[in-house]
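Structure record follows, encoded as structure tokens.
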Amino acid sequence: GYGEAYVPDGDGIAFPVFQLSEEHGFLSLEGRMLKVGTRVLILPNHACTVVNLAERMCFLDGQRSEFVPVDARSGGPLRLA
């Protein structure tokens, strides 16, 4: 799988993500229904497809959290030396 998706303020039961890209997430509904337009929180199990879309990441260790800037974001066009 590619992670799990949750409906904020939902029942807390995850929807498995079976395909994921920068623009789309495909969920296995497993007999449940979601209305078109329902917002979901996707927790990917690999960050390569999403890390460049964020300005910062939050790292959790069970006791504390820390926000770290993402240096991989492009500030403009790529310039080759």
Side-chain angles (χ1 to χ4, degrees):
Y2 292 89
E4 298 177 329
Y6 296 88
V7 176
D9 300 322
D11 60 10
I13 300 173
F15 292 91
V17 179
F18 67 87
Q19 186 175 343
L20 187 64
S21 71
E22 286 88 346
E23 296 88 11
H24 300 93
F26 297 85
L27 309 180
S28 176
L29 298 181
E30 299 182 335
R32 297 179 282 165
M33 295 296 296
L34 287 176
K35 291 183 181 181
V36 173
T38 300
R39 291 181 179 254
V40 296
L41 171 65
I42 295 179
L43 301 175
N45 61 7
H46 199 277
C48 287
T49 60
V50 295
V51 71
N52 64 313
L53 300 175
E55 293 181 5
R56 58 191 179 141
M57 291 180 64
C58 181
F59 291 91
L60 307 170
D61 71 1
Q63 300 293 323
R64 61 186 180 88
S65 62
E66 180 179 351
F67 286 93
V68 177
V70 174
D71 293 333
R73 283 183 65 95
S74 173
L78 178 64
R79 300 189 198 287
L80 301 175

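From a predicted model like this one, the values you see are computed outputs, not experimental measurements.
- Side-chain heavy-atom separations under 4.5 angstrom define the hydrophobic clusters, and the remaining members of the one that includes Tyr6 are Leu41, Leu43.
- Considering all non-hydrogen atoms of both residues, Val40 and Pro8 come closest at CA-CD, 4.2 Å.
- Scanning both residues, Val70 and Met57, for their nearest heavy atoms gives CG2-CG, 3.6 Å.
- A continuous path of Ile, Leu, Val, Met, Phe, Trp and Tyr side chains, each step under 4.5 Å between heavy atoms, connects Leu29 with Leu20, placing both in one hydrophobic cluster.
- Remark: Ile13 CD1 to Arg32 CZ distance equals 5.5 Å, nearest 0.5 Å.
- Applying the 6.0 Å contact sphere to CG of Asp11 captures more than 12 heavy atoms from other residues, nucleotides or ligands.
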Intermediate values then yes/no, side-chain contact (heavy atoms from CB on, under 4.5 Å), Phe15 and Val7: CA-CA 9 Å; Phe15 292 91; Val7 176; 3.9 Å; yes
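- Hydrophobic clustering, defined by side-chain heavy atoms of Ile, Leu, Val, Met, Phe, Trp and Tyr closer than 4.5 Å, groups Phe18 together with Phe26.
- Glu66 meets the salt bridge (Lys or Arg N to Asp or Glu O under 4.0 Å) test with Arg64; sequence neighbours excluded.
- The heavy-atom pair separating Gly25 from Ile42 by the smallest distance is CA-CD1, 4.3 Å.
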